[in-house]
Amino acid sequence: MQVSFACTEHNLKSRSEDRLCGLRTAPPPGGGSGGGGGGGGSCQGGNGNYNTQGSAKSTGREPSGSRLVPQGHAHMKEAIGRHSSMKYRNLGKSGLRVSCLGLGTWVTFGSQISDEMAENLMTIAYEAGVNLFDTAEVYASGRSSLHRAEITLGNIIKKKGWRRSSYVVTTKIYWGGQAETERGLSRKHIIEGLRGSLSRLQLDYVDIVFANRNDVNSPMEEIVRAMTFVINQGTAMYWGTSRWSAMEIMEAYSVARQFNLIPPVCEQAEYHYFQRDKVEVQLPDLYHKIGVGAMTWSPLACGLITGKYSEGVPDISRANIKGYQWLKERVHSEEGRKQLAKIKELHLMADRLGCTAAQLAIAWCLRSEGVSSVLLGVSNTDQLVENLGALRLISQMTPQTVAEIDSLLGNKPHSKKEPRA
């Protein structure tokens, strides 16, 4: 797939950037020798513990508008916002800065909650520093309008009058309508589907358009060329993938490099205590090789981790929504019962740490290498405020805490390069 040359080119570029970073942030007298070598290395000198990769070093001086914070991943440039405690990270190795917590609209907007509640959630999130709002052309398809979530999101954004440059909107293309040409990732549907999304969102462009699963009926070159076209036309800033395999993402990257097209910058993947392999093993490798970051969803496993299913399925819950019979079956399955038993132990651990089980689960997701942002799916303001509280726990995700969670879960994935214990 002609990947070797592309990866080498990317690594050389990263090394060049590291050298430049070392020049911009010369170490203090008697300090270390500048930035770390190799692609994705951090720029550290002396005893500095901040990853800056081109920003001001840990010398007591802070860049304008943000406060650098110590954090566990040398590859992430994480900073606290000017007017909130929200933390921001680069989306993969792109220059786009996204809040480490984003607001998703799956199930909720235009379906499970009222438009008034949706507006309240958007307002609280935005004022708390959330700048990432995720939707898709198919969300809330059970209502009278096939694309209700995008319409609801667009109406709220227009009503609030926020500066367009201050937030990031992402949408996903694949299931657009009933006709054969209204589904998939053909050039026709990518272009027409995105135009339809923009009309419903009442926006001139989205910041990221995701391919919402791979399309075996569309050649990869056609997909990458179409995504490059919409970016060049200004209707999207970046493009990414959702629920693609690592091999498919590498193929898209290879095609982009071969034909001088634009590669994806992000994979959107499910990630929680019981869904770990892809985000913890496959995506970090892609991040270091080709710069693809991770935007994850369902940190609470559709509410399973909150413990609300411990005594059965409540009448008012996602598992009782039409189309979510699979979730109810999962709760009642043998595997589901085992997971609920582990969740009870995790609740005890959260109590010791002085947080809720939901906050612990979200902070646990944010500690994973390569994760740029975790999308929250909430149905009321109390849930949102609680979930946003996970930010204060990131610093508590020490190796000891993570090891304790791994031991409790008993499902830590291992890469082929990593020997099993």
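Both backbone and side-chain heavy atoms feed into the values below; hydrogens, waters and symmetry mates do not. Remember, predicted model here, so these are calculated numbers, not experimental data.
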pair [X]-[Y]: side-chain heavy atoms closer than 4.5 Å:
{"X": "Lys278", "Y": "Tyr271", "answer": "no"}
{"X": "Met122", "Y": "Leu153", "answer": "yes"}
{"X": "Ile405", "Y": "Leu346", "answer": "yes"}
{"X": "Met227", "Y": "Ile262", "answer": "no"}
{"X": "Thr241", "Y": "Trp239", "answer": "yes"}
{"X": "His272", "Y": "Leu304", "answer": "no"}
{"X": "Phe109", "Y": "Thr135", "answer": "no"}
{"X": "Asn214", "Y": "Ser245", "answer": "no"}

Output the distance between atom [atom1] ([X]) and atom [atom2] ([Y]), rounded to the nearest 0.5 Å.
{"X": "Lys93", "Y": "Lys289", "atom1": "NZ", "atom2": "NZ", "result": "12.0 Å"}
{"X": "His414", "Y": "Glu280", "atom1": "NE2", "atom2": "CD", "result": "10.0 Å"}
{"X": "Arg243", "Y": "Asn212", "atom1": "CZ", "atom2": "CG", "result": "5.0 Å"}
{"X": "Leu283", "Y": "Met295", "atom1": "CG", "atom2": "CE", "result": "12.5 Å"}
{"X": "Ile113", "Y": "Leu121", "atom1": "CD1", "atom2": "CG", "result": "5.0 Å"}
{"X": "Asn380", "Y": "Met117", "atom1": "CG", "atom2": "CE", "result": "6.0 Å"}

Please assess Asn387 against Leu101 for the test side-chain contact (heavy atoms from CB on, under 4.5 Å), listing each intermediate value before the final yes or no. CA-CA 9 Å; Asn387 291 357; Leu101 294 177; 5.9 Å; no
Quick check: does any side chain N or O of [X] sit under 3.5 Å from a backbone N or O of [Y], one acting as donor and the other as acceptor?
{"X": "Asp207", "Y": "Thr170", "result": "no"}
{"X": "Ser373", "Y": "Ser99", "result": "yes"}
{"X": "Thr228", "Y": "Val224", "result": "yes"}
{"X": "Gln268", "Y": "Ala294", "result": "no"}
{"X": "Gln383", "Y": "Ser379", "result": "yes"}
{"X": "Glu137", "Y": "Tyr174", "result": "yes"}
{"X": "Arg276", "Y": "Val279", "result": "no"}
{"X": "Thr235", "Y": "Val230", "result": "yes"}

Asp115/Asn155 under side-chain contact (heavy atoms from CB on, under 4.5 Å): CA gap, chis, key distance, verdict: CA-CA 9 Å; Asp115 290 357; Asn155 287 339; 5.7 Å; no
Residues in side chain to side chain contact (heavy atoms under 4.5 Å, CB included) contact with Val265, at least two apart in sequence or another chain: Leu91, Ser94, Tyr238
Not counting sequence neighbours, which residues clear side chain to side chain contact (heavy atoms under 4.5 Å, CB included) with Ala357? List them please. His347
Least distance between heavy atoms, [X] atom then [Y] atom:
{"X": "Gly95", "Y": "Asn90", "value": "CA-ND2, 3.8 Å"}
{"X": "Asp277", "Y": "Pro413", "value": "OD1-CB, 3.7 Å"}
{"X": "Pro299", "Y": "Ile305", "value": "O-CD1, 3.4 Å"}

Sequence neighbours excluded, the answer for side chain to side chain donor-acceptor pair (under 3.5 Å) partners of Ser166 is Tyr126
Identify, with sequence neighbours excluded, every residue that meets side chain to side chain donor-acceptor pair (under 3.5 Å) alongside Glu221. Arg225
Would you list the pairs meeting salt bridge (charged side-chain N to carboxylate O under 4.0 Å, His left out) in which at least one residue belongs to residues 151-161, sequence neighbours left out? Glu119-Lys159
Which residue pairs pass the salt bridge (charged side-chain N to carboxylate O under 4.0 Å, His left out) test with at least one member in residues 176-191, sequence neighbours excluded? Glu180-Arg183, Lys188-Glu192
Ring center gap for Trp244 and Phe210 short of 6.0 angstrom: no
Check the pair Leu388, Val385 against side-chain contact (heavy atoms from CB on, under 4.5 Å), reporting the backbone distance first and the verdict last. CA-CA 5 Å; Leu388 291 173; Val385 172; 5.5 Å; no
Intermediate values then yes/no, side-chain contact (heavy atoms from CB on, under 4.5 Å), Arg164 and Val169: CA-CA 9 Å; Arg164 180 63 184 92; Val169 172; 4.2 Å; yes
Once the angle between the rings of Phe133 and Trp162 is folded into 0 to 90°, is it parallel (under 30°), tilted (30 to 60°) or perpendicular (over 60°)? parallel
